[in-house]
Q: 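My questions all concern the structure below.
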Number of protein chains: 2
Amino acid sequence: MYDNKNEYFCFSTNRNRLTKVKINTMNILPDKTVERLSQYRRNLLICDGKGKTHIFSHEIANIHHITPVQVRRDIMLIGYTGTLRKGYNILELIALIGEILDKEDGQRVAIVGAGNLGRAIIQYFHNRRDKLSISAAFDSSPDKIGQEYDGVKIYPIEDIDKIVKEKNITIGIISVPVVAVKATASALVEAGVKGILSYTPRPIDVPENVYLEEYDMITSLEKVAYFAKNIEKI
Amino acid sequence: MYDNKNEYFCFSTNRNRLTKVKINTMNILPDKTVERLSQYRRNLLICDGKGKTHIFSHEIANIHHITPVQVRRDIMLIGYTGTLRKGYNILELIALIGEILDKEDGQRVAIVGAGNLGRAIIQYFHNRRDKLSISAAFDSSPDKIGQEYDGVKIYPIEDIDKIVKEKNITIGIISVPVVAVKATASALVEAGVKGILSYTPRPIDVPENVYLEEYDMITSLEKVAYFAKNIEKI
DNA sequence: GTAAATTTGTTATTTCAATAACAAGTATTA
DNA sequence: TAATACTTGTTATTGAAATAACAAATTTAC
């Protein structure tokens, strides 16, 4: 359960007004809440772009096909408080989610493997998040090295250690062929990254001071296939 | 809880021996178990390729960085039984997971959006699963239509309905730009697919007789960023 | 042949996530 | 002004997933 003792306050700028906001940084947020916060923020930014200033929990819920209670609970966990019968101030909420998810000075990301998938990811992130930018790509193929995709320069695999330290990169994305996964993960860990996101089907292991997230498209597709096949039983 | 009344038997071929295997198809398997079964199978195939015939629960567990109990529980849920002190027969287990995950005649998959990500997925699946094959790709760009990537032909978006029905496609993967997501999802549902895997950040909704899985790379990366930032608190 | 060490299969417990329930406060309506 | 409807914030309950615990069976060691 959420420990109310570990709370403190910060200030969030709402246009020309400074608002005192209670946040909770002592305790880690639940996995699923973090995921949803990321999604809320993206859609809140769209709402803001349309000139909307406030939003109700049930509106957020509708966008994401979840329940209003879940939304309110997530927002409660980050210590934000809306206005009764007026909803949540969109800009304040965006700012607070930013406080929670981003580091003040952002984090830099490296991607290893500039094949189709790697390039898709680079393209996908291009200009989307100012606090989380892909700062370098690595590949072993000589004809890719030195090139740039969407402003991201491609370095040789051997330079991982040097570049990661030089650019203060804290997160690595792995999208190399399975044979190279183990070596890639080791190189990133050696270089000091704190988080790894792997898009390969090969399970990898990392020391416990590195956060690892693995996603495998084949597993996802097989899962969809299973539940599609059995849809009438769900 | 697992309902033992709904069980029946099937036969699994273990080289030249026919083995009676208890399976459970009446009840749907837990989400996470399905995911792990897919992963087990892939690594079991590798083990088989190396000439290994049996495997212990703790060996499977080590490969996937989970506990042996979890492995045994998953295997229990599909009704397979190993041999005490000998472990699980790899080929039998592969065959049974196949019975569970695959349809007898397989399922066909369409991918909508043949950009970087779409092509990455096509390439990724090329020749990997005989029971789950990408049978068609769709795109709106005239210069892509008619081309082939890894043996997958690209059709115009407008032909979704026709081709999906013609080829008896049951699963759709969406990798189009956000503006086209809604229309794409509708077209696939209209055409009769039973499962959709969406790689776009835009939440979509489908009727309840269609299984939907959404995955968003930005959310994953922001989650990794959050936990990497707070790694010492985990 | 007996004891010790393994390893499976299953039940019980714990942990984590989602949902339900509801008090309290605010706006609207009559 | 009183009654109604709405919306938040929080606690309580339910449900799902993971882990722990352990009986039973088999091999190995002595």
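Every chain is numbered from 1 and lettered A, B, ... according to where its sequence line falls, protein lines coming before strand lines. Everything quoted here is computed from the prediction, not taken from an experiment.
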Q: C:dC16 P sits how many Å from B:I234 CD1, rounded?
A: 12 Å
Q: Figure out the CG/P separation between A:D74 and C:dC16, and round it to whole Å.
A: 17 Å
Q: Quick one: which residue pairs count as a side chain to side chain donor-acceptor pair (under 3.5 Å) with a foot in residues 57-66 of chain B, not counting sequence neighbours?
A: B:K52-B:E59, B:S57-B:R72
Q: For a quick test of reading the model: is some side-chain N or O of B:T67 closer than 4.0 Å to OP1 or OP2 of D:dA18?
A: no
Q: Distance check needed: D:dA16 P versus B:Q70 CD, whole Å only.
A: 16 Å
Q: Rounded to whole Å, how long is the line connecting atom CD of A:E59 with atom P of D:dC6?
A: 14 Å
Q: Among the nucleotides D:dT7, C:dT7, D:dA17, which one has an atom lying closest to any side-chain atom of B:D31?
A: D:dA17
Q: Can you measure A:R73 atom CZ to D:dT11 atom P for me and round it to whole angstrom units?
A: 9 Å
Q: Could you work out, with side-chain hydrogen bond (donor to acceptor under 3.5 Å, both in side chains) as the rule, every residue matching B:E222, not counting sequence neighbours?
A: A:S38, A:R41, A:R129
Q: Of all residues at least two apart in sequence or in a different chain, which pass the side-chain hydrogen bond (donor to acceptor under 3.5 Å, both in side chains) check with A:Y40?
A: A:D74
Q: Among residues at least two apart in sequence or on other chains, which ones pass side-chain hydrogen bond (donor to acceptor under 3.5 Å, both in side chains) with B:E214?
A: none
Q: Measure from the side-chain heavy atoms of A:R72 and tell me the nearest of D:dT8, C:dA20, D:dA20.
A: D:dT8
Q: Can you list the residues that meet the side chain to side chain contact (heavy atoms under 4.5 Å, CB included) rule with A:T67, with sequence neighbours excluded?
A: A:V69, A:Q70
Q: Given C:dA20, C:dT7, D:dG9, identify the nucleotide with an atom nearest to the side chain of B:F56.
A: C:dT7
Q: How would you list, by chain and number, every residue that makes a side-chain hydrogen bond (donor to acceptor under 3.5 Å, both in side chains) with A:T200, sequence neighbours excluded?
A: A:S198
Q: Return no unless some side-chain N or O of A:S57 is found under 4.0 Å from OP1 or OP2 of D:dT8.
A: yes
Q: Using atom CD1 of A:I75 as one end and atom P of D:dT10 as the other, report the distance to the nearest whole Å.
A: 12 Å
Q: Going by heavy atoms closer than 4.0 Å, what residues in residues 205-212 of chain B are next to DNA chain C?
A: none
Q: Round to a whole Å and report the spacing from NE2 of A:H58 to P of D:dT7.
A: 5 Å
Q: Closer to the 5' end of DNA chain C via nearest nucleotide, is it B:I55 or A:V69?
A: B:I55
Q: Using the test side chain to side chain contact (heavy atoms under 4.5 Å, CB included), find all partners of B:V178 that sit at least two apart in sequence or belong to another chain.
A: B:P201, B:R202
Q: Each nucleotide in nucleotides 23-30 of chain D should get exactly one letter: B, S or -. Can you fill that in based on protein heavy atoms under 4.0 Å?
A: --BBB---
Q: For B:E35 and A:T219, does a side-chain donor sit closer than 3.5 Å to a side-chain acceptor?
A: no
Q: For the pair B:D31 and A:K223, find out whether any cationic side-chain nitrogen is under 4.0 Å from an anionic carboxylate oxygen.
A: yes
Q: Identify, with sequence neighbours excluded, every residue that meets ring-ring contact (aromatic ring centres under 6.0 Å, His included) alongside A:Y211.
A: B:F227
Q: Output the rounded distance in Å from OH (A:Y88) to C1' (C:dT26).
A: 15 Å
Q: Checking contacts here: which listed nucleotide (D:dA12, C:dA21, D:dA18) is nearest the side-chain heavy atoms of B:K32?
A: D:dA18
Q: Does C:dT7 have OP1 or OP2 under 4.0 Å away from a side-chain N or O of B:T83?
A: no
Q: Using heavy atoms and a sub-4.0 Å distance, could you list which residues of residues 33-42 of chain A are near DNA chain D? By number, please.
A: none
Q: Only counting residues at least two apart or in another chain, list the ones meeting side chain to side chain contact (heavy atoms under 4.5 Å, CB included) with B:K86.
A: B:H54, B:T83
Q: Anything under 30° is parallel, anything over 60° is perpendicular, the rest tilted; go ahead and classify A:Y215 against B:Y215.
A: parallel
